[in-house]
Number of protein chains: 2
Amino acid sequence: MIKKQLIMEKALELFAQQGIEATPIQQITDYCGISKGAFYLSFKSKDELIIALIDHFMKEIISDIDYMVNNTKNDEELLYTFYYSTFHAFHKHSDFAKIFIKEQTQSFNEELIVKIHYYDRLMEGIILSLIERLYGEKVERTKYDLIYCIKGLMNSYSGLFLFNNAPLNRELLCQSLVEKTNLLASHTTVPFITHEDFQMLKHPIKEEITIEQIIQMIEQVLKEIDEPIEKESLILLKQHLLEPTLSPAIAKGLLENIRNHPHCKWITYLLFRYYEIEK
Amino acid sequence: MIKKQLIMEKALELFAQQGIEATPIQQITDYCGISKGAFYLSFKSKDELIIALIDHFMKEIISDIDYMVNNTKNDEELLYTFYYSTFHAFHKHSDFAKIFIKEQTQSFNEELIVKIHYYDRLMEGIILSLIERLYGEKVERTKYDLIYCIKGLMNSYSGLFLFNNAPLNRELLCQSLVEKTNLLASHTTVPFITHEDFQMLKHPIKEEITIEQIIQMIEQVLKEIDEPIEKESLILLKQHLLEPTLSPAIAKGLLENIRNHPHCKWITYLLFRYYEIEK
DNA sequence: TTGACAAATGACTTATTAGTCATTATTATA
DNA sequence: TATAATAATGACTAATAAGTCATTTGTCAA
């Protein structure tokens, strides 16, 4: 497990610098100080490494954003928080964000395209629920169009700091985008993308994840981490999944405990979604 | 010459389908019904072909748009004409547009990056002059920011028909974007990109700038500004450059102090790069 | 018809890189 | 300590692709 993480970290650096195609396995293993053969003990192929990277970081980024949005009670701050946590995540994982944006349109690998599409959909889902919460009925006709505006603006501005190294006044950027979003949401009368278009564009998202799958994931993560608090929290949450005994407050508290551990972010996201649906 | 055009046409098709990297010369020549050697009679290398393609199509697209914009006398129609001719050109040369957008962020080849930047700048120039003509003084503070909004929106929506081959109601799309642009132009009060930022982005530095040059710049700026905090921060940063004594946290803080001063933006940018604080 | 010149060919060289596997080193166990 | 199990190695194979060049083919003026 440790070896796998080492490879992922080092590979990410090189990929961001040179691009995925231009980085041979040999260079990654040299940089890690291991042999080429050792790489293939951790990953079946170069593609598997790429997929693992995308999964790892997109899960972390999406769950960070989702958590922030769900835990901002004040609607006034909601948009700002959304933009802020998005750009924060992009900045924190800028090496990855670069790769993600770079390869977004350029991949030959089918599995990769599906992955990227999938996470793109999740992002759209977050944006949509945010718009609905903020503007409600008023944007019924324009909300799908708004999603594309927001995505376009984010893309344009994130390119600035990702590829031009410009130092970033993130507060100002977010303020500026909040204003723009509000403007577009309040005054747009001619949407381009309608509900029907949006449905059409929608690739069927992967079917709901089962409790069994979440439990399997927890068991996997338990092997990877050492921190006692997180470990015990996970064990309790697992039991709670099998047979719900804990009060909602305790369950929520346990989720808080594991929320910030890098290996637990995705599980936290799934569990939050799971309990949201249940009630 | 005829041969050269044949190769360019056929190569464009294959590039758009598979990506540039994934298309071998052999495949292009097979598709053309000529030999591999014949290719090298027309182009010195694969790179030369790629550059030739970009030049050819970007010249055509840019001049089409520029012509339409310059020949629209009625300001009411100007924005609509701009969007319409842009999307028309993208659609007409969709194979090329795909490649251009794909490779925009992903290129290894230095010459190619320079080319793409150059044409991107031309596009920004067209958009800027259009904004100035339409809104004049009213957008003095927000016009550079507006450019990035327009580019972001165009990108987001052109992706729809380029990569999802959604059927396109171009009239509706342009109407919709005209409304959005007018909204943003009329009501934006918090621009993110200022005149200074825009100037800065114009000259992306390639060659290393020496400490001495930065110090010279600081001395120059010191003469220009009066604010005590910014002044002292600059003096301290200058000493720190000559002989590093400050802790990273203090240096970072001083940079924060000067970051938003219009005359210090470029220096801040250089220093951030120098210390590699912000990536 | 011929010979000179240009155009075109494709087998070949060189280089790169993903992935394999027989061998060696290390660690755990009895 | 001896032995089995596991991890790690890197030389090797196979595949791909850019670019070259000796040879062939085509053209046309004399």
Side-chain angles (χ1 to χ4, degrees), chain A residues 1-56 99 102-103 106-115 220 223-224 226, chain B residues 1-55 99 102-103 106-113 115:
Chain A
M1 272 307 134
I2 298 296
K3 184 69 59 61
K4 221 167 169 172
Q5 271 167 247
L6 173 74
I7 293 170
M8 283 170 73
E9 272 171 38
K10 298 294 186 187
L12 183 69
E13 261 184 74
L14 295 173
F15 285 168
Q17 274 167 38
Q18 313 168 338
I20 294 180
E21 279 298 279
T23 306
I25 300 292
Q26 186 72 61
Q27 198 187 353
I28 298 170
T29 54
D30 287 352
Y31 195 34
C32 290
I34 60 172
S35 70
K36 208 175 167 189
F39 172 90
Y40 286 94
L41 292 176
S42 293
F43 296 96
K44 276 207 282 293
S45 67
K46 193 181 178 181
D47 279 354
E48 199 183 90
L49 165 65
I50 298 163
I51 298 285
L53 279 172
I54 299 219
D55 270 333
H56 178 80
I99 297 169
K102 274 180 185 177
E103 310 287 325
Q106 127 82 36
S107 287
F108 27 93
N109 180 326
E110 185 57 35
E111 199 184 347
L112 223 152
I113 292 172
V114 171
K115 269 271 135 70
Q220 178 59 36
K223 288 183 207 148
E224 293 167 10
D226 295 318
Chain B
M1 273 311 128
I2 298 295
K3 186 68 61 61
K4 225 169 169 168
Q5 268 168 250
L6 173 73
I7 293 171
M8 282 171 72
E9 270 170 41
K10 297 294 187 187
L12 184 69
E13 261 184 75
L14 295 173
F15 285 169
Q17 272 167 38
Q18 312 168 338
I20 294 178
E21 279 296 277
T23 306
I25 301 293
Q26 186 71 61
Q27 198 187 353
I28 298 170
T29 54
D30 287 353
Y31 195 35
C32 290
I34 61 172
S35 70
K36 210 174 166 188
F39 173 89
Y40 286 95
L41 293 175
S42 292
F43 297 95
K44 275 207 284 295
S45 65
K46 192 180 177 181
D47 278 354
E48 201 183 90
L49 165 66
I50 298 164
I51 298 285
L53 279 172
I54 299 220
D55 270 333
I99 296 167
K102 272 182 185 177
E103 309 287 326
Q106 122 85 31
S107 285
F108 29 91
N109 180 326
E110 185 59 33
E111 200 185 346
L112 222 152
I113 292 173
K115 268 274 137 69

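So you know, we letter chains A, B, ... as the sequences are listed, proteins then strands, and number each from 1. Note: hydrogens, waters and symmetry copies are ignored here, and every other heavy atom, side chains too, is used.
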May I have the distance from [X] (atom [atom1]) to [N] (atom [atom2]), rounded to whole angstrom?
| X | N | atom1 | atom2 | value |
| --- | --- | --- | --- | --- |
| B/Phe43 | D/dA18 | CZ | C1' | 16 Å |
| A/Ile50 | C/dG19 | CD1 | P | 9 Å |
| B/Lys46 | D/dA17 | NZ | P | 8 Å |
| B/Asp47 | D/dA17 | CG | C1' | 14 Å |
| B/Phe39 | C/dT9 | CZ | P | 14 Å |
| B/Leu6 | C/dA8 | CG | C1' | 14 Å |
| B/Glu21 | C/dT16 | CD | P | 15 Å |
| B/Asp30 | C/dA8 | CG | C1' | 15 Å |

Counting heavy atoms from C-beta on, name the nucleotide in [options] closest to the side chain of [X].
| X | options | answer |
| --- | --- | --- |
| B/Pro24 | D/dA18, C/dG19, D/dT9 | D/dA18 |
| A/Ala38 | D/dT20, C/dA18, D/dT9 | D/dT9 |
| B/Tyr40 | D/dA18, C/dG19, D/dA8 | D/dA18 |

Which pair of heavy atoms, one from [X] and one from [Y], lies closest together, and at what distance?
| X | Y | result |
| --- | --- | --- |
| A/Pro24 | A/Ala22 | CD-O, 3.4 Å |
| B/Gln18 | B/Thr23 | OE1-OG1, 2.9 Å |
| B/Tyr40 | B/Ser45 | CE2-CA, 4.1 Å |

* **Exam field: side chain A/Lys46 to backbone A/Ile20, donor-acceptor pair closer than 3.5 Å** =>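 Answer holds: yes.
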* Take B/Met8 and B/Gln5 through the side-chain contact (heavy atoms from CB on, under 4.5 Å) test and state the conclusion after the steps. => CA-CA 5 Å; B/Met8 282 171 72; B/Gln5 268 168 250; 5.5 Å; no
* To do: Tell me what B/Lys36 touches on the nucleic acid: a base, only sugar-phosphate, or nothing, going by heavy atoms under 4.0 Å.
  =>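 Touches a base.
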* Tell me what A/Ile25 touches on the nucleic acid: a base, only sugar-phosphate, or nothing, going by heavy atoms under 4.0 Å. =>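 Sugar-phosphate only.
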* When you check the phosphate oxygens OP1 and OP2 of D/dA8, does a side-chain N or O of A/Lys3 lie under 4.0 Å from one of them? ->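 For A/Lys3, the contact criterion (side-chain N or O under 4.0 Å from OP1 or OP2 of D/dA8) is met.
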* **Position toward the 5' end of DNA chain C (nearest nucleotide), A/Ser45 or B/Ile34** =>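 Between the two, 5'-proximity favours B/Ile34.
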* Taking for each residue the nucleotide of DNA chain D with the nearest heavy atom, is it A/Gly33 or A/Gln26 whose nucleotide lies nearer the 5' end? ->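 Its nucleotide being nearer the 5' end, the pick is A/Gly33.
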